[in-house]
Student: 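Below is the structure I would like to discuss, written out as structure tokens.
Values below: every heavy atom of this structure, side chains too, minus hydrogens, waters and symmetry copies. Please read all numbers here as calculations on a predicted model, not as lab measurements. A note on names: the letters A, B, ... follow the listed sequences, proteins ahead of strands, and every chain is numbered from 1.
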Protein chains: 2
Amino acid sequence: MPGRIPKKLADSLNQQPLADFKVGVDNVIFSVDTAQNRLLVLLVMRQQEPFLNYWGLPGTLVRQGESLEDAAYRIMAEKIRVKNLYLEQLYTFGGPKRDPREATDSYGVRYLSVSYFALVRFEEAELIADKVAGIAWYPVKQVPQLAFDHNEILAYGHRRLRNKLEYSPVAFEVLPETFTLNDLYQLYTTVLGENFSDYSNFRARLLKLGFLCDTGIKVSRGAGRPATLYKFNADAFAPFKDKPLVFI
Amino acid sequence: MPGRIPKKLADSLNQQPLADFKVGVDNVIFSVDTAQNRLLVLLVMRQQEPFLNYWGLPGTLVRQGESLEDAAYRIMAEKIRVKNLYLEQLYTFGGPKRDPREATDSYGVRYLSVSYFALVRFEEAELIADKVAGIAWYPVKQVPQLAFDHNEILAYGHRRLRNKLEYSPVAFEVLPETFTLNDLYQLYTTVLGENFSDYSNFRARLLKLGFLCDTGIKVSRGAGRPATLYKFNADAFAPFKDKPLVFI
DNA sequence: ACAAAAGTGTTTGACGTACACCCATGT
DNA sequence: ACATGGGTGTACGTCAAACACTTTTGT
């Protein structure tokens with residue numbers, strides 16, 4: 001573990017000029033294809049150097065007067081049309097040498113990436129085809145080598161997604177207004193893995209918590225008994241806010 | 001929730017020039033004064049504008065060729081000498097207008113703050129007195145109004161500290177090599193609050209987990225039965241890595 | 001001897017786990 | 001009728017909460 005720099009060295013560094021940065025925002029956008037039980041991430045084919053023709057996370061550089069979050073939403077809006085989404089900041093990757101552009105104008109401008117994590121509903125997410133249509137949902141298990149350090153960012157986002165799902169009600173942000181308990185269960189299994197919990201126990205736990213209300217409406221999906229549609233009740237959830245709530 | 005920007009507007013924004021950034025690193029450095037059962041945060045008195053004579057988090061601007069984490073360690077090293085510490089990135093605050101310096105050269109340079117969270121051992125942390133000695137441990141319950149958005153950053157760090165303590169073995173990074181179970185318990189109570197758990201249950205749970213090994217050595221602290229010194233066994237902890245481990 | 005600090009044990013109830021089983025619908 | 005998906009119930013083990021109790025020291 002570092003943490004100790006001799007005083008003399010520190011003083012000499014005091015004279016070092018400050019770095020100038022361009023700040024980029026990269027989004028890790030997940031969705032769940034419940035029909036095929038696959039967790040997907042949105043990738044774009046890069047159409048300029050560096051990393052021309054590599055897949056990468058949708059990203060952009062931050063403009064004047066634009067907040068980081070605004071930039072994150074801007075990329076979203078350029079690539080995808082959605083009704084519901086969950087978005088939060090992920091991590092900031094900022095070592096020197098992470099962007100090859102720095103090499104050309106050595107020690108001129110640094111490129112820093114603030115990554116954002118998003119979860120959208122697959123069924124209602126409409127991809128916006130670029131001129132060259134280089135945009136696609138990729139199963140996270142099959143992503144190729146990506147531009148920059150984007151594989152690392154994706155891995156980080158994936159970890160966060162699993163945690164979020166276990167400890168917070170993100171799922172309800174990407175489910176439709178009303179949903180069956182099986183919809184919910186499918187979402188959890190595809191993200192967390194097949195054997196995260198027995199269905200009946202999952203069901204019992206969630207219903208006992210009391211923030212899902214029965215709408216009374218039933219839907220039939222092919223054969224089998226029709227399922228009840230439930231609705232997430234944000235008010236009833238309030239007491240659990242910030243408390244370590246476990247869905248697992 | 002935003003997320004939809006009309007295509008036309010997005011295109012017009014495409015012409016907006018990129019923002020130029022200076023990147024700062026601000027550290028939220030916590031320590032626990034177990035003697036007085038207080039959670040402390042390290043503050044420095046600002047000696048230049050903006051916010052001259054305000055208390056603020058120790059911070060610095062990132063230099064050429066320096067990584068974010070390097071910068072975080074550099075501030076640490078300038079303010080404090082420690083043997084053990086835990087450090088991790090916290091959050092990146094980057095809206096326009098968060099730094100008054102932006103106003104002077106309007107739409108010139110933006111100031112962005114990547115905050116880091118640190119936990120150090122109070123007893124062995126040696127503050128490095130500046131020329132003007134404007135540096136001090138403040139009880140988190142009594143921090144005054146700080147420079148910039150540092151109160152917000154501190155609040156964020158405090159939340160993270162509580163979570164870290166509950167779900168990960170950070171405590172052992174700031175305890176000495178060997179410690180009594182009461183030392184550990186004190187640390188938890190001062191951070192998490194008086195009634196987070198009964199001592200005997202806390203004790204039983206931790207011992208059953210099996211990653212604390214009895215050194216056989218006993219220490220007497222005033223009256224009362226001497227306590228056994230325990231040691232954290234990182235290898236024995238390995239199986240719990242990444243698993244939702246609850247100390248509460 | 002007594003207080004103070006460390007450590008042990010026991011009872012209780014809540015809850016996760018793993019099943020077995022019943023219900024309602026389409027074909 | 002029976003397969004299919006939806007939903008209920010139960011028996012068992014584990015563990016957190018609360019608290020009573022024993023052990024070992026200093027004064």
Student: Over how many whole Å does the gap from L207(B) atom CG to dG9(C) atom P extend?
Tutor: 12 Å

Student: Round to a whole Å and report the spacing from OH of Y199(A) to P of dT8(D).
Tutor: 9 Å

Student: Ignoring backbone atoms, test whether N201(B) places a side-chain nitrogen or oxygen under 4.0 Å from the OP1 or OP2 oxygen of dA17(D).
Tutor: no

Student: Can you tell me the distance, in whole Å, between the CG atom of L184(B) and the P atom of dG7(C)?
Tutor: 12 Å

Student: What residues form a salt bridge (charged side-chain N to carboxylate O under 4.0 Å, His left out) with E177(B), not counting sequence neighbours?
Tutor: none

Student: Tell me: CG of D198(B) to C1' of dC21(D), nearest whole Å?
Tutor: 13 Å

Student: What is the separation between atom CG on L206(B) and atom P on dC15(D), rounded to the nearest whole Å?
Tutor: 14 Å

Student: Rounded to whole Å, please give me the gap between CZ in R205(A) and P in dG9(D).
Tutor: 18 Å

Student: Partners of T92(A) by side chain to side chain donor-acceptor pair (under 3.5 Å), sequence neighbours excluded?
Tutor: T92(B)

Student: Are D198(A) and R205(A) ion-paired here, with the side-chain N under 4.0 Å from a carboxylate O?
Tutor: no

Student: Does atom OH of Y54(A) have more than 12 heavy-atom neighbours, drawn from other residues, nucleotides or ligands, at distances under 6.0 Å?
Tutor: no

Student: When you measure from the side chain of K208(A), which nucleotide among dA18(D), dG9(D), dC15(C) comes out closest?
Tutor: dC15(C)

Student: Pull out every residue in residues 219-227 of chain A that has a heavy atom closer than 4.0 Å to any atom of DNA chain D, ordered by number, or say none.
Tutor: A223(A), G224(A), R225(A), P226(A), A227(A)

Student: Residues two or more places apart in sequence or in another chain: which of them pass salt bridge (charged side-chain N to carboxylate O under 4.0 Å, His left out) with R121(A)?
Tutor: E123(A)

Student: Give a yes or no on whether a donor-acceptor pair under 3.5 Å exists between the nucleobase atoms of dG7(D), that is its base, and the side chain of T228(A).
Tutor: no

Student: Whole Å only: how far is the NZ atom of K218(B) from the C1' atom of dT24(D)?
Tutor: 9 Å

Student: Could you work out, with side chain to side chain donor-acceptor pair (under 3.5 Å) as the rule, every residue matching E152(A), not counting sequence neighbours?
Tutor: none

Student: Among all residues two or more places apart in sequence or in another chain, which pass the side chain to side chain contact (heavy atoms under 4.5 Å, CB included) test with R225(A)?
Tutor: none

Student: Rounded to whole angstrom units, what separation is found between the CZ atom of R203(A) and the C1' atom of dC23(C)?
Tutor: 12 Å

